[in-house]
Amino acid sequence: MKFFVDTADVNEIKELADTGLLDGVTTNPSLVAKSGHSSFLDLIKEICDIVDGPVSAEVAATDYDTMMKEAEKLAKIADNVAVKLPLTPDGLKVCKKLSDQGIMTNVTLCFSSAQAILAAKAGATFISPFVGRLDDISHDGLQLIEDIVDIYDQYPAFTTEVLVASVRNPLHVIEAAKMGAHVATIPPKVIHQFYNHPLTDSGLAAFVEDWKKTGQSIL
Ligand code: E4P
């Protein structure tokens, strides 16, 4: 399973890229606003220079003509830009055009299997079903992941990867991994939670203490 980080904070991205475990980045207009960066285009360029994998940059417009112009501008920033498009009729029309040109796309704000089928037919590189936001309204977000993975598996011609979005905790990712989801985009705080286990902490403390008793040094 590939790990993307869901943030527009350059320092967080650098820190996670240093682990060697980061496969890509997703941003959205809310995350860009939170970053406080004054130039979206410069921000995306900076992120693309840090991470080799796909970096999702979302269009701001909602009509076909303007989205198309924005998408072409975003795609020119770097080869690893994945243009993020809303799951609307116009968004999918742009998706199809970009896919035909070999430009990576991430179709966002997916909340149903029917929408995911449309995105795959439009040639999306990634489909982003929002697990946490479905859970928030008492719908089973992970069930949607299972359904989309199952549907895509029936059709080898569908090359769209399932990118689990709106992740709130490690369990969302673990369960989605069991279902065979290709990618999870995870907030930095949740990635850090992956490392934690009290038995790791207590076990390591005991080993450090016992090693001191040997009086030896490896170096
Ligand atoms: C996906 O690409 C979105 O940026 C993100 O996962 C949305 O998550 P949220 O529901 O926590 O805002």
Side-chain angles (χ1 to χ4, degrees), residues 1-10 12-13 16 22-37 40 43-44 46-48 50-51 53-62 67 70-71 74-75 77 80-88 91-92 94-95 98 103-112 115-116 118-120 122 124-145 148-149 160-177 179 181-194:
M1 183 185 232
K2 283 176 271 190
F3 272 18
F4 291 178
V5 65
D6 200 24
T7 184
D9 183 313
V10 171
E12 286 177 332
I13 293 167
L16 287 161
L22 191 63
D23 302 300
V25 176
T26 53
T27 66
N28 65 37
S30 307
L31 292 170
V32 172
K34 195 174 155 202
S35 78
H37 211 291
F40 176 46
L43 172 64
I44 294 301
E46 205 177 334
I47 298 172
C48 287
I50 300 168
V51 179
V55 173
S56 289
E58 188 158 343
V59 294
T62 55
M67 270 195 282
E70 289 179 349
L74 291 172
I77 295 175
N80 56 332
V81 166
V83 178
K84 205 168 174 189
L85 300 156
L87 209 154
T88 60
L92 290 183
V94 176
C95 176
L98 299 181
I103 294 169
M104 281 195 289
T105 52
N106 175 358
V107 174
T108 189
L109 293 167
C110 171
F111 294 96
S112 78
Q115 291 179 320
L118 290 176
T125 314
F126 303 104
I127 179 70
S128 290
F130 277 37
V131 172
R133 291 194 196 185
L134 278 172
D135 287 356
D136 289 346
I137 58 159
S138 304
H139 284 250
D140 188 345
L142 284 167
Q143 184 60 54
L144 176 61
I145 300 298
I148 298 172
V149 170
T160 304
E161 296 193 7
V162 178
L163 193 171
V164 183
S166 188
V167 162
R168 303 273 198 261
N169 54 59
L171 207 53
H172 275 155
V173 181
I174 295 163
E175 292 301 319
M179 293 163 184
H182 307 87
V183 193
T185 187
I186 317 172
K189 189 185 92 182
V190 178
I191 296 185
H192 292 300
Q193 289 172 351
F194 270 69

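Whatever order the structure lists ligands and atoms in, that order sets their numbers, starting from 1. None of these values were measured; they are calculated from a predicted model.
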Using residues 55-62 as the side-chain source, report each donor-acceptor pair under 3.5 Å to any protein atom, sequence neighbours left out, with the distance given to one decimal.
{"from": "Ser56", "atom 1": "OG", "to": "Asn106", "atom 2": "ND2", "distance (Å)": "3.0"}

Margin query: Using a 3.5 Å cut-off on N or O atoms only, is Ser166 in polar contact with ligand 1?
Written below: yes

Check: Looking at Leu144 and Cys110, what are the two nearest heavy atoms and their distance?
Finding: CD2-O, 4.1 Å

Check: Do any N/O atoms on Asn28 end up under 3.5 angstrom from N/O atoms on ligand 1?
Finding: yes

Next item on the list: Within a distance under 4.0 Å of any heavy atom of Arg133, pick out the atoms of ligand 1 and give their elements.
Entry: 7 (C), 9 (P), 10 (O), 12 (O)

Next item on the list: Please report the closest heavy-atom contact between Ser35 and Leu43, naming both atoms and the distance.
Entry: OG-CD2, 4.0 Å

Check: Do any N/O atoms on Thr108 end up under 3.5 angstrom from N/O atoms on ligand 1?
Finding: no

Next item on the list: Could you pull out all residues at least two apart from Glu12 that satisfy salt bridge (charged side-chain N to carboxylate O under 4.0 Å, His left out)?
Entry: none

Checklist line | Proximal ligand 1 atoms for Lys84, defined as those under 4.0 Å from one of its heavy atoms | finding: 1 (C), 2 (O), 3 (C), 4 (O)

Next item on the list: Output the distance between atom NE2 (His139) and atom CZ (Arg133), rounded to the nearest 0.5 Å.
Entry: 15.0 Å

Item checked: Derivation of the salt bridge (charged side-chain N to carboxylate O under 4.0 Å, His left out) call for Lys34 and Asp9 -> CA-CA 8 Å; Lys34 195 174 155 202; Asp9 183 313; over 6 Å; no

Check: What residue and atom, counting heavy atoms only, is the protein's closest point to atom 11 (O) of ligand 1, and at what distance?
Finding: Arg168 NH1, 2.8 Å

Note to self: Suppose I only count heavy atoms of Phe130 and a 4.0 Å limit; which atoms of ligand 1 are within that range?
What the structure shows: 1 (C), 3 (C), 7 (C)

Checklist line | N/O separation below 3.5 Å, Asp6 to ligand 1 | finding: yes

Next item on the list: State the CG-CG distance between Asp135 and Asp140, to the nearest 0.5 angstrom.
Entry: 6.5 Å

Margin query: Within the 4.0 Å heavy-atom shell around Ala165, which atoms of ligand 1 are there?
Written below: 1 (C), 6 (O)

